[in-house]
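Reviewing the structure listed below.
Each chain gets a letter, A, B and so on, in the order its sequence line appears, and its residues count up from 1.
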Amino acid sequence: MSSSPNHTLHGLNAPQREAIHYMDGPCLVLAGAGSGKTRVITTKIAQLIEQYGYDARNIAALTFTNKAALEMQERIAKLLQQPKQAKQLTVSTFHSLGVKILRQEAKELGLKDRFSIMDSDDCFSIVQDLAITTDKQLIRRIQTAMSLWKNGMVDPDTALKQAKDEDEAQAARIYRNYVATLSAYQAVDFDDLIRLPVELFRNNEAVRDKWQRRLRYLLVDEYQDTNTCQYELVKLLVTGVGKKPMFTAVGDDDQAIYAWRGATIENLKQLQTDFPDLNIIKLEQNYRSSTRILQAANAVIGNNPKLFEKSLWSEHGLGDPIKVVAMPDDEQEAEQVAIMLSAHKFERRAKFSDYAILYRGNHQARVIEQALRRERIPYTISGGQSFFDRAEIKDIIAYLRLIANQDDDPAFIRAVTTPKRGVGQATLETLGAFAGQWQCSLFEAVFKGGLEAKLADRQLTPLREFCNFINNLEAHAHREGHAASLLDDMMKEINYEGYLYDAFDERQAQGKWQNVIDFTTWLKEKGSGGKDGSDDHRSLLDLTQMVALMSMLEGKDEEPDAVRMSTLHAAKGLEYPHVFLVGVEEGILPHKGDPDAPVDTLAARIEEERRLMYVGITRAQRSLHVTWCKKRKRAREHVHCDVSRFIKEMKLDEGDAVPTEEETITPQNRLANLKALLQKPKAA
DNA sequence: CCAGCGGCATTTTTT
DNA sequence: ATGCCGCTGG
């Protein structure tokens, strides 16, 4: 390997090299599963800096998750001769970039730069108030509808006009109020983080120009997952008069599995229309899986109408036969999988961490977990609730949000009621009505004249005390150098620990308090490590806004040798030597959709399910086991299940064993079967 | 009327 | 396991 700057190009195939070196304009890289797409993006960025003379500050790479962004940045740093340059890059999620833009351009949008970011729980409460209902399902539906409208850049008026029935019209009216409410709170939701920059860039040439000069080369990862709004942002960032659009989008239409949250593969077609000189490069060589696995994957996805002809191939051998096993029911499936996995691991001298068990829905994890425990197989479940979504963490964040933005009513309500300080539902309702009358925030209303007439001293006093307390904290944050002392003061003052031990049992309280300590420690680290200590207020705000975008980012202290359990959605982008794909039945995969869901078409839904199957198959490097159940415990009854159409679509041949029911393992014949499994000669 | 308990269903997920 | 709805008893 040479030590020239080009050593990073070593071992790339021809289309990969082309994708990296193509600098004449817009470029779309159709990267099949396992074809080295991340390598292309990271290498291209390194090349932009080292070969093409780009300043790292002028390059942006957009991803969908913090994890992906972080990983990408780390990989780029390793490729660069001066790894420090990687820090200058904008490698972030769409949403983080949105925050950055909004923060800097808030004034242009009539937003204070200390705006709050509402999470979906806050938004839920807002909708709950606006819709005057307690029907959680209805609220969810309205929330989803509003999110899809925002992501599709449909404004409330248009939504109302297009409403097909009274329910939709109702949702559209709530949507209108919701937008107004957020604006009153000086708050934005996650969707706004993309939508507002788009609106700004559309309406303000100068600002748009500024950002175009700032971000001169754009790379977009997982392009097939972009929604209308995100694509619009990309377009606005790269399209300028007399300027060549410079970007590389990387994606795979066969792995588009997020249509249900607004992503649209229309964006892939649209790219060709909007950029007629788009250079399309296909990466079809797969470096991940055996040929047999790829054949099955290709066969399945071949049933979908294709946007771009694409066929994966591999230099790896044929590999192990794919095993499809029918199970009597879901409990036995779980047990069989556990046993098969054990045997397989023993036989291959593999590690537990070489295995993944993938399923369609989270609830399927339950039985499997139990079986793995019985078999003493260590496992980790991917996903799970995020650290930042825990109630105790949100409580603390509410205080920080309120200190930063006193108009943030949801934060006010949460903070003022947790811990309890004599402000209850009735007081808040009166205060809310009063604030509504004066068109001001709850916080402001507390000090407005006339409130005395509405509230008894007994109610008013704790409110005023609370607000004074927040004001003191704010002054403190302004005065002091760091967020650290503020946090300590605050925690002591509100006696959060005492509250926890009061409201929960010993064990729970202990865990929660530890979480709070971890969180504040983490916050302090981040806070003191900040760049400009000039305005501390800022840095506190920085932290709260950053935290709002955090989900599962964290020093996962994993790496114990454990089997990975994951939904198919969460497994995208990952790979495992050995994969068990379970519950492959009609109704599960493909999943039977809601009968009264907003139906696009049945075909479209099946196609997305098929892509999900494709994603599942292509996670496997060396071996793939697919199981399905003849019966499944549904509520109280065992209901009959049919094998998934996708299994037939894999077009498996003789080499792929399909044991009958008699061959399945019961506790009684387990030992014999274990031996049989171990002795079964393996192909190749 | 509200609280507490018991029975029942349960897509996918990020920011 | 969890959360949600509905029913019952105080």
- Message: Distance check needed: B:dA9 C1' versus A:Lys592 NZ, whole Å only.
- Response: 10 Å
- Under 30°, 30 to 60°, or over 60°: which ring-plane class applies to A:Trp260 and A:Tyr258, parallel, tilted or perpendicular? tilted
- Hey, are A:Asp252 and A:Lys37 close enough for a salt bridge, meaning a charged N less than 4.0 Å from a carboxylate O? no
- Message: Expressed as a whole number of angstroms, how long is the span from A:Arg140:CZ to B:dA9:C1'?
- Response: 15 Å
- Take the protein atom CH2 of A:Trp260 and the nucleotide atom P of B:dT14, then report the distance between them rounded to whole Å. 8 Å
- Atom-to-atom span, CD1 of A:Ile588 to P of B:dA9 - whole angstrom: 15 Å
- Message: What is the distance, to the nearest angstrom, from the CG atom on A:Asp119 to the P atom on B:dT14?
- Response: 14 Å
- Would you say B:dT13 has OP1 or OP2 under 4.0 Å from some side-chain N or O of A:Thr567? yes
- Note on the structure: Between the CE atom in A:Met327 and the SG atom in A:Cys641, the distance rounded to the nearest 0.5 Å is 13.5 Å
- Task: Output yes when A:Arg414 and A:Asp395 qualify as a salt bridge under the 4.0 Å nitrogen-oxygen rule, no when they do not.
- Result: yes
- Task: Please state how far atom CZ in A:Phe64 lies from atom P in B:dT14, giving the value in whole angstrom units.
- Result: 13 Å
- Query: Are any of the side-chain heavy atoms of A:Arg605 and A:Pro590 separated by less than 4.5 Å?
  - Reply: no
- Message: Side chain of A:Arg366, heavy atoms from C-beta onward: which of B:dT13, B:dT12, C:dA1 has the nearest atom to it?
- Response: C:dA1
- Just to confirm, is there a sub-4.0 Å distance from OP1 or OP2 of B:dT10 to any side-chain nitrogen or oxygen of A:Asn362? no
- A:Gln370 CD - C:dA1 P separation (whole Å): 8 Å
- Item | Nucleotide C:dC4, atom C1' - distance to CD of A:Gln137 in whole Å | 9 Å
- C:dA1, B:dT12, B:dT13: which one has an atom nearest the side-chain heavy atoms of A:Tyr258? B:dT13
- Between C:dC5, B:dT13, B:dT11, spot the one nearest the side chain of A:Lys136, thanks. C:dC5
- Under 5.5 Å and under 30°: A:His591 stacked on B:dT11: yes
